[in-house]
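Per chain, numbering begins at 1; letters A, B, ... match sequence-line order. From a predicted model like this one, the values you see are computed outputs, not experimental measurements.
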Amino acid sequence: MKSEPDEFSIDDLISRKKGTTYWEGIRNYQARNFMRDEMQIGDGVLFYHSRTRPLAVVGTMNVAGEPYPDPSQFDPKSKYFDPKSTKDNPRWILVDVQFTSRFNPPVTRDRIRETPGLEDMMLLKKGSRLSIQPVAEQEWKIIHELAGVEPK
DNA sequence: GCCAACGTTGGC
DNA sequence: GCCAACGTTGGC
């Protein structure tokens with residue numbers, strides 16, 4: 001899962017109660033579908049900082065709950081407000097995520113790019129803007145090796 | 001901050 | 001259902 005650290009960083013996540021937050025503001029159907037249809041409670045998630053220096057995976061999270069409607073879509077004061085969404089038929093679905101580890105130092109995208117076994121990661125594809133992307137089991141392991149952390 | 005690549009919208 | 005116009009993303 002990507003986030004611009006100016007908007008929401010891993011430090012922001014850690015400072016939340018129980019290190020848990022709802023991943024609000026996703027307004028892309030493919031990304032929504034991952035949260036709604038693919039993610040299971042307990043699944044590991046890489047936390048990636050985009051639009052910053054360095055671009056990097058900065059830690060990990062767990063999926064912490066079942067999918068439910070993103071509350072911000074109903075809030076006219078929110079920048080994520082969606083006037084076309086209704087409570088009966090909500091458009092945007094999210095999951096809660098919980099902090100599990102921080103990578104020190106972060107695993108940079110440059111490093112990911114030069115590591116054998118990671119060349120297929122969506123993150124490296126040109127023009128890949130999807131803010132929630134699948135990660136293969138083997139990729140998860142290799143990223144953890146690069147981080148010097150035992151994968152869970 | 002720029003701008004190419006991408007996703008969505010809406011008129012037809 | 002096509003596709004031009006528009007808005008957004010994200011690497012640089």
* Which ones in residues 53-60 of chain A lie close to DNA chain C, meaning a heavy atom under 4.0 Å from one of its atoms? -> A/Arg53, A/Leu55
Partner residues of [X] under the side chain to side chain donor-acceptor pair (under 3.5 Å) criterion, sequence neighbours left out:
| X | answer |
| --- | --- |
| A/Asp82 | A/Trp92 |
| A/Tyr22 | none |
| A/Thr52 | none |
| A/Arg102 | A/Asp11 |

* To do: Kindly write out the residues that satisfy salt bridge (Lys or Arg N to Asp or Glu O under 4.0 Å) with A/Glu114, not counting sequence neighbours, or none if the list is empty.
  => none
* Could you pull out all residues at least two apart from A/Asn62 that satisfy side chain to side chain contact (heavy atoms under 4.5 Å, CB included)? => A/Thr100
* Residues which pass side chain to side chain contact (heavy atoms under 4.5 Å, CB included) with A/Ile26, listed by chain and number, not counting sequence neighbours -> A/Trp23, A/Ala31, A/Met35, A/Ser131, A/Ile132
* To do: Please work out which residues in residues 103-124 of chain A have a non-hydrogen atom less than 4.0 Å from an atom of DNA chain B and list them by number.
  => none
* To do: Taking the side chain as every heavy atom from C-beta outward, state whether A/Gln133 and A/Phe34 have any atom pair closer than 4.5 Å.
  => no
* Not counting sequence neighbours, list each pair that qualifies as a ring pair (Phe, Tyr, Trp, His ring centres under 6.0 Å) and has a residue in residues 125-152 of chain A. => A/Phe103-A/His144, A/Trp140-A/His144
* To do: Classify every nucleotide of nucleotides 5-12 of chain B by which part a protein heavy atom approaches to under 4.0 Å, writing B for the base, S for the sugar-phosphate alone and - for neither, in 5'-to-3' order.
  => BBSSSS--
* Got a sec, which pairs hit salt bridge (Lys or Arg N to Asp or Glu O under 4.0 Å) with one end in residues 19-44 of chain A, sequence neighbours left out? -> A/Arg27-A/Asp70
